[in-house]
Participant: 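I'd like to ask some things about the structure below.
Side-chain atoms are counted along with the backbone in the values below, which use heavy atoms only and exclude waters and symmetry mates.
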Protein chains: 2
Amino acid sequence: MARTQAADYDERKDAIVEAAAALFAARGFNGASVADIAERCESSKSLIYHYYQSKEDILYDVMISHVRALEQAAGEATAGAAAPAQKLRDLTQAFMALYVGAANRHKVLLNDLDKLPDARSGEIVAVQRGLIDKVGELLAAIEPALAKRKGARVPAAMLYFGMINWTHTWFDPKGSIGAAQLADMAVDMTLKGLSGAVK
Amino acid sequence: MARTQAADYDERKDAIVEAAAALFAARGFNGASVADIAERCESSKSLIYHYYQSKEDILYDVMISHVRALEQAAGEATAGAAAPAQKLRDLTQAFMALYVGAANRHKVLLNDLDKLPDARSGEIVAVQRGLIDKVGELLAAIEPALAKRKGARVPAAMLYFGMINWTHTWFDPKGSIGAAQLADMAVDMTLKGLSGAVK
DNA sequence: CCTACCGATCGGTAGG
DNA sequence: CCTACCGATCGGTAGG
């Protein structure tokens, strides 16, 4: 009988992605070497190349795994029969939880997407585009004026994403405000502005 | 008599910073080489090292020049006797104009700040901190509840900065919406939420 | 302001 | 003859 994959194949591969995410987040894709990743995994460079054909392939896995998780969370948050404002709140809570739980992958996605060749980055961008559209539809359902002014839908969605995506540069989950509180604050700011967000 | 600086010293130095900003923005600090900068300036690598002691020194100049421009714009926008909401609007217009006019420097600032050694990045961060405080004070003047809840002031300011800083990833000044319109939209979203921003 | 180089380290691959 | 891995080293290029 032919030998199969090692029993811990998936675990080893995931350990590589996790180590790479941490290093890419800290030093950037070009600032972290494959040797650094190997060292962090307590393995050899050759082992890394057994699991991945190239350094870029690792970067791709770091990003696609994160963006797929966001896609699934967005699907779950918008699936039910809740009001659009409640769906936006659920989606934002799920996103903030993923941003904090996968902070390294999130930072890499936002900083190093253009280090991927166009063909690979296109796949990531397509998933992101779907998330933007989903939020744009929620916002248009919440604010009828947005449904009429088609050209304003993407800018509105991007202002919203700016609030929550920018958190990776400053938010500390151990600080004075929690991730769930911050998510609510961003949603309230979107729905009612400052007075709604801090009251 | 000792030889003085070349008459075009400052122009040449600024050309280097401008070329470096374009290359760092496109490929990242670690992805662009000093030789690339020299080529773009139609000069040699040695000329670059005549004006700058290290690649990091160029990065520092790219960032500090941008952040000083933002600091001055913020000072001018908040100097008068206008109402705080109007000051926030003026400041946002000035910032968006600088973000678009110095798009390369802005992108480098947001992506590669951590490529600077701590001592140098600390100087940049201190200026940024001043901008955040300035916006936090405006927001607290606009919304009294924010003046009471001290811990919410920085998060509120950062949600605002998220909206306008995030634009560098998606905003195209040649698109369907202009920079001035977008700035107003971000201010209205901050003040009144979505319904105020798209009506 | 140029050509000619350096110590080191890069991503990726060889044989076993 | 397979998969899973190792120590050593490749040709090029980085900042200086």
Participant: Closest approach to the side chain of S33(A), judged atom by atom: which nucleotide of dG11(C), dC6(D), dG15(D) is it?
Facilitator: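 Out of dG11(C), dC6(D), dG15(D), the nucleotide with an atom closest to S33(A)'s side chain is dG11(C).
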
Participant: Take the protein atom CZ of F24(A) and the nucleotide atom C1' of dC10(C), then report the distance between them rounded to whole Å.
Facilitator: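 That distance rounds to 13 Å.
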
Participant: When you measure from the side chain of K45(A), which nucleotide among dA4(D), dC6(D), dT9(D) comes out closest?
Facilitator: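 Shortest atom-to-atom distance from the side chain points to dT9(D).
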
Participant: What's the CG-C1' distance between L23(A) and dC10(C), to the nearest Å?
Facilitator: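 Nearest whole value for this atom pair: 15 Å.
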
Participant: Quick check for you: among dG15(D), dA4(D), dC1(C), whose closest atom lies nearest to any side-chain atom of K55(B)?
Facilitator: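 Nucleotide nearest to K55(B)'s side chain: dG15(D).
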
Participant: May I have the distance from L47(B) (atom CG) to dG16(D) (atom P), rounded to whole angstrom?
Facilitator: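 In whole Å, dG16(D) P lies 16 Å from L47(B) CG.
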
Participant: To check you understand the geometry: which heavy-atom pair defines the closest contact between I142(B) and P84(B), and what is its length?
Facilitator: CG1-CB, 3.8 Å

Participant: Grab the NZ-P distance between K13(A) and dA4(D) for me, whole Å please.
Facilitator: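 Atom NZ in K13(A) sits about 11 Å away from atom P in dA4(D).
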
Participant: Ignoring hydrogens, what is the shortest heavy-atom contact between A32(B) and K55(B)? Give both atom names and the distance.
Facilitator: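 It is O-NZ, 2.8 Å.
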
Participant: Go through DNA chain C and write down every stem, that is, every run of at least three consecutive Watson-Crick or G-U wobble pairs with distances under 3.5 Å, as range with range.
Facilitator: none

Participant: Toward the 5' end of DNA chain D, which comes first, E42(A) or F29(B), by nearest nucleotide?
Facilitator: E42(A)

Participant: Heavy atoms under 4.0 Å, any strand shown: does S43(A) hit a base, just sugar-phosphate, or nothing?
Facilitator: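 Touches nothing.
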
Participant: Could you check whether S46(B) gets within reach of a base, just the sugar-phosphate, or nothing at all, counting any heavy atom under 4.0 Å?
Facilitator: base

Participant: If only side-chain N and O atoms of H50(B) are considered, is one of them under 4.0 Å from the OP1 or OP2 phosphate oxygen of dC1(C)?
Facilitator: no

Participant: Please state how far atom CG in D57(B) lies from atom P in dG16(D), giving the value in whole angstrom units.
Facilitator: 9 Å

Participant: Could you give the distance from OG (S43(A)) to CD1 (I37(A)), rounded to the nearest 0.5 Å?
Facilitator: 9.5 Å

Participant: Just the rounded figure in Å: distance from P of dC1(C) to OH of Y52(B).
Facilitator: 15 Å

Participant: From dG11(C), dC2(C), dC6(D), pick the nucleotide closest to the side chain of V34(A)?
Facilitator: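 That would be dG11(C).
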
Participant: Looking at every strand, decide which applies to A32(B) at a 4.0 Å heavy-atom threshold: base, sugar-phosphate, or nothing.
Facilitator: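 A32(B): backbone/sugar contact only, no base atoms under 4.0 Å.
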
Participant: Which residue, N30(A) or S44(B), contacts DNA chain C at a nucleotide closer to its 5' end, judged by nearest heavy atom?
Facilitator: S44(B)

Participant: What class does the angle between the rings of Y99(A) and H66(A) fall in, given that below 30° is parallel, 30 to 60° is tilted and above 60° is perpendicular?
Facilitator: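 Geometry flag for H66(A) against Y99(A): tilted rings.
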
Participant: Take the protein atom CG of L59(A) and the nucleotide atom C1' of dC10(C), then report the distance between them rounded to whole Å.
Facilitator: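 Spelled out: CG on L59(A) to C1' on dC10(C) is 17 Å.
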
Participant: Report the residue (Q53(A) or G31(A)) whose heavy-atom-nearest nucleotide on DNA chain C is the more 5′ of the two.
Facilitator: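 Its nearest nucleotide being more 5', the pick is G31(A).
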
Participant: Quick one: is dC5(D) close enough that its OP1 or OP2 comes under 4.0 Å of any side-chain N or O from Y51(A)?
Facilitator: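 So the side-chain polar atoms of Y51(A) do come within 4.0 Å of the phosphate oxygens OP1 or OP2 of dC5(D), strictly under.
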
